[in-house]
Structures are given as C-alpha cells and as structure tokens.
Amino acid sequence: MAEFMVNPSSLKAQEDDLNEIYNRLKCLDRELNNAKSKLSQCMQISSYAAIGARITKTSNSIQTQRKSVSSMKNVLNQARECYVYTEKEIRGLYRGNPFENIWTDIWNEYGWNGLLAGAEYIKTLYELVSGMQKAESNADIRKNLKDWYDFITDAAKSYKNYKTIGRAVGAQKAMTWWVKKITGLKPLERLSTAEKPVTRFVHNLTNKTSPFNAQFKSVIGDFKGTNGIGKAVVSWGAVVVDGIVNWFDNKDEQAKSGGKMTDQRVLNETIMETVVGTVLNYGAGIVVGAAVGAVLPVTTPGIVTLAVGGLVIASANAIVKNVTKGETITELISDSILNIYEYRANFVEKAVKTTNSWFVRMSLI
C-alpha cells in the first residue's frame with residue numbers, strides 16, 4: 001500500500017507565509033489609495049482622472065490577488081487539519097476527555113496573529129521576526145530584508161504625515177494619534193453608543209457609518225460585481241473550490257458509510273456545506289465583531305476588540321471540533337439542518353400513510 005508523510009508544522013509555516021503575503025498586499029493597497037488621495041489634492045482634474053483610473057485598476061488587481069492568497073491559505077489549513085485529525089484518530093488521541101486538546105486547538109487557530117489583530121505595526125514586526133527565524137536560504141533572507149525595508153519606509157512615511165498634522169493640532173497630540181494607530185490602541189470608529197447592548201449590536205450591523213456594516217457591504221459588492229469583475233470572479237471562484245472540496249469529502253464519507261449514505265445525501269450535504277461555509281467565512285467575523293463591539297465599552301482599543309472577536313470564533317471552532325471528534329462548525333450546522341429536514345419529511349410521509357382523513361393528509365403536507 002502506498003505511503004506518504006506530511007509535516008504539519010511545515011504546512012503551518014506555509015500558511016503563515018501566505019498570511020504574510022496577504023498582509024503585505026493589504027499594506028500595498030492601502031499605500032496606493034493614500035497616494036491616490038494625495039494626488040487628488042495637487043493635480044489638475046484631467047491628469048488626475050487618468051492616473052487615478054490606473055491606480056484604481058491596480059488596486060483592484062491587488063485585492064483580487066489577496067482573495068486568491070486567502071483561498072489558498074484556507075485550503076492548506078483544511079488539508080493540514082484533516083491530516084492531523086486522522087493521525088490523532090488512528091492513535092486514539094480523541095478518545096476520553098473531549099476537551100483534552102481544546103486549548104491547543106484554540107491556540108493553533110488563533111495564535112499570535114489573532115492576539116495582535118488590529119495592531120498594525122506590532123503584528124507586522126512579529127511577522128517580520130518570524131520570517132527571519134524561518135529563513136532557510138539566501139533568497140529567503142533577501143526577501144525578508146526587502147520586507148524590513150518596506151516596513152521601515154512605510155513607518156517613516158506615516159510618521160512624517162503625522163508630524164505634518166502636528167503643525168495644525170500640536171505635535172504632542174499628533175504623535176499620540178500616531179502611536180495609537182500603529183499599536184492598535186485607537187478605538188474602532190463609529191461603533192454604536194445606544195443604551196441597550198442588543199440595540200448597539202443591531203446598530204453596529206446596520207448603521208451606514210459602522211465599520212462592520214462597511215465590511216458587509218464590501219462582501220456583497222464583491223459577489224455582485226459592483227466592486228469590480230475581478231473581485232466577483234475570485235469570490236465566486238472560492239465558493240466553487242469550496243464546493244468541489246466538499247463534494248470529494250462527502251464522496252469519501254459515502255464510501256466509508258457502507259451504503260448508508262445515498263447519492264442524494266451527498267449532493268444535499270455538498271450544497272448545504274458550501275452555502276453554510278460561505279456564510280460563515282464571510283459573515284462570522286462581521287457578526288461576532290459587531291457583538292463584541294456592543295458588549296465592550298466604545299473606548300476599548302481596536303486591538304482588544306478585534307482580538308476578542310477572533311478568540312470567540314477560534315474557541316467556537318475548537319469546541320465543536322473536540323466535542324464532535326473533528327467535525328467543523330460548517331459540517332455540524334449543515335448536518336443539523338439536513339437531519340431536521342429529513343426527520344420532518346419522514347414524519348410527514350408516515351403520518352400521511354397512516355391516516356385515512358383527506359383533510360389531515362393535506363394539512364400535514
């Protein structure tokens with residue numbers, strides 16, 4: 001029988017590298033848009049329109065690449081978790097206390113990236129240091145040195161911009177703003193200040209000025225194509241890839257079921273898992289972030305708000321994984337929906353067959 005070996009730590013390192021690429025693309029996109037904003041203030045309308053259009057096109061291309069990198073990272077993560085779970089199942093590590101590995105699983109998903117979410121420069125510094133530690137060749141070292149140069153250049157530009165602002169509001173205030181920005185100590189903007197937490201949560205999702213509402217609209221715009229055809233292609237492409245992965249997973253599950261899992265069930269699970277997975281992938285962070293923002297004080301630093309939101313999601317995933325012996329939240333929700341539907345359908349079918357009342361039959365259907 002064919003054998004193969006997988007190094008989970010190496011796969012995790014590759015995920016971290018893809019995450020670093022994603023963040024660098026994000027920084028580059030932000031720099032482009034900052035440049036576009038500055039150009040609009042100092043150029044004639046005719047020349048600005050042409051250059052602005054080129055910048056917008058480049059920005060759209062960068063965001064498309066970000067989506068592709070994110071999709072690759074997610075697939076790599078799924079492959080690694082599947083392998084690790086299978087190994088643990090074979091070795092019997094999932095038997096006994098279902099919460100035995102929960103803290104390890106939370107940290108594996110959350111990690112320093114989740115803890116430092118929102119701390120722009122601190123998180124970047126952590127990733128740069130990690131990159132240097134993982135460098136295995138001269139090419140890796142050259143790449144890391146380039147990343148350090150880009151980071152220092154960006155930090156210098158940001159400092160210079162805030163120093164310029166200091167001429168208008170005072171140097172001390174401007175530097176305070178700069179420190180809060182780079183460390184994530186600045187609160188998230190435009191969160192609801194309503195009296196009741198439930199009202200704050202709803203407003204955080206629906207207010208046009210809310211950052212979470214802006215995220216939601218951005219996601220919808222990507223799928224609708226209003227943010228550019230490139231983003232629409234990447235968004236729907238990720239759904240298609242997810243559907244293909246789910247199909248093969250369910251076919252494998254069918255083969256192991258001994259004939260208990262029908263082709264219709266395979267199709268139903270594939271569709272439901274893809275739908276639920278898409279909703280969770282794009283919406284969980286938004287909803288959880290809005291909820292966390294509603295519970296914490298409005299003045300809470302962004303790094304805390306985003307870190308707590310990420311911890312909630314990571315904890316939920318880890319709990320479900322340990323309680324269900326490796327099942328994901330997506331699979332749990334999908335199976336629950338399908339099982340309830342099938343139970344209701346079977347109940348109605350039996351009730352219709354056992355009653356002689358035409359009226360009762362129609363009311364059950």
Side-chain angles (χ1 to χ4, degrees), residues 8-9 12-13 15-16 18-20 22-23 26 70 73-74 76-78 80-81 84-85 97-127 129-130 180-192 197-198 200-202 204-205 210-216 219 276-277 279-333:
S9 61
K12 185 63 170 65
E15 289 176 47
D16 292 340
L18 287 172
N19 191 62
E20 183 179 342
Y22 177 88
N23 289 326
K26 183 178 180 180
S70 179
K73 183 174 71 104
N74 290 337
L76 201 60
N77 175 264
Q78 291 176 12
R80 177 176 61 83
E81 289 199 345
V84 171
Y85 167 73
N97 183 2
F99 294 96
E100 184 178 355
N101 303 297
I102 190 169
W103 299 116
T104 301
D105 289 335
I106 289 176
W107 185 251
N108 284 340
E109 179 171 340
Y110 185 64
W112 284 104
N113 284 325
L115 186 64
L116 299 175
E120 291 188 20
Y121 283 19
I122 296 177
K123 183 176 180 180
T124 303
L125 280 171
Y126 163 73
E127 291 167 348
V129 172
S130 297
K180 286 185 176 182
K181 176 182 183 297
I182 66 175
T183 57
L185 295 177
K186 181 180 179 181
L188 290 183
E189 297 179 353
R190 305 290 186 176
L191 292 183
S192 174
V198 174
R200 291 199 295 270
F201 170 67
V202 174
N204 285 343
L205 286 176
S210 167
F212 302 108
N213 181 263
Q215 282 181 264
F216 176 75
V219 170
V276 172
V279 172
L280 289 179
N281 288 337
Y282 289 96
I286 297 174
V287 174
V288 171
V292 171
V295 174
L296 297 179
V298 177
T299 56
T300 303
I303 182 175
V304 175
T305 304
L306 296 176
V308 171
L311 182 59
V312 169
I313 295 174
S315 299
N317 289 336
I319 290 172
V320 170
K321 176 182 176 182
N322 281 268
V323 171
T324 62
K325 295 185 178 181
E327 196 172 40
T328 65
I329 286 182
T330 298
E331 291 170 329
L332 178 64
I333 294 175

**Request:** For Asn322 and Asp105, test the side chains for any donor-to-acceptor distance below 3.5 angstrom and give the result as yes or no.
**Result:** yes

Do [X] and [Y] touch side chain to side chain, with heavy atoms closer than 4.5 Å?
| X | Y | answer |
| --- | --- | --- |
| Ser315 | Val312 | no |
| Val287 | Phe201 | yes |
| Ile329 | Leu280 | yes |
| Phe212 | Leu188 | yes |

**Message:** So for atom OH, which belongs to Tyr126, do other residues, nucleotides or ligands contribute more than 12 heavy atoms lying within a distance under 6.0 Å?
**Reply:** yes

**Asked** Does a sphere of radius 6.0 Å around CH2 in Trp112 hold more than 12 heavy atoms from other residues, nucleotides or ligands, not counting ones at 6.0 Å or beyond?
**Response** no

**Message:** Tell me every residue that passes side chain to side chain donor-acceptor pair (under 3.5 Å) with Lys181, counting only those two or more places apart in sequence or in another chain.
**Reply:** Glu120

Looking at every heavy atom in both [X] and [Y], which two are closest together, and how far apart are they?
| X | Y | answer |
| --- | --- | --- |
| Arg190 | Pro211 | O-CD, 4.2 Å |
| Gly293 | Asn204 | C-ND2, 3.7 Å |
| Thr183 | Ile303 | O-CD1, 3.9 Å |

Rounded to the nearest 0.5 Å, what separates atom [atom1] in [X] from atom [atom2] in [Y]?
| X | Y | atom1 | atom2 | result |
| --- | --- | --- | --- | --- |
| Glu331 | Thr328 | CD | OG1 | 3.5 Å |
| Lys321 | Ile106 | NZ | CD1 | 11.0 Å |
| Asn317 | Thr330 | CG | OG1 | 8.0 Å |
| Ile319 | Leu332 | CD1 | CG | 12.0 Å |
| Tyr110 | Leu115 | OH | CG | 5.0 Å |
| Ser192 | Asn213 | OG | CG | 12.0 Å |

**Request:** Among Val288, Val292, Thr300, Val295, find the residue that satisfies the side chain to side chain contact (heavy atoms under 4.5 Å, CB included) test when tested with Val308.
**Result:** Val292

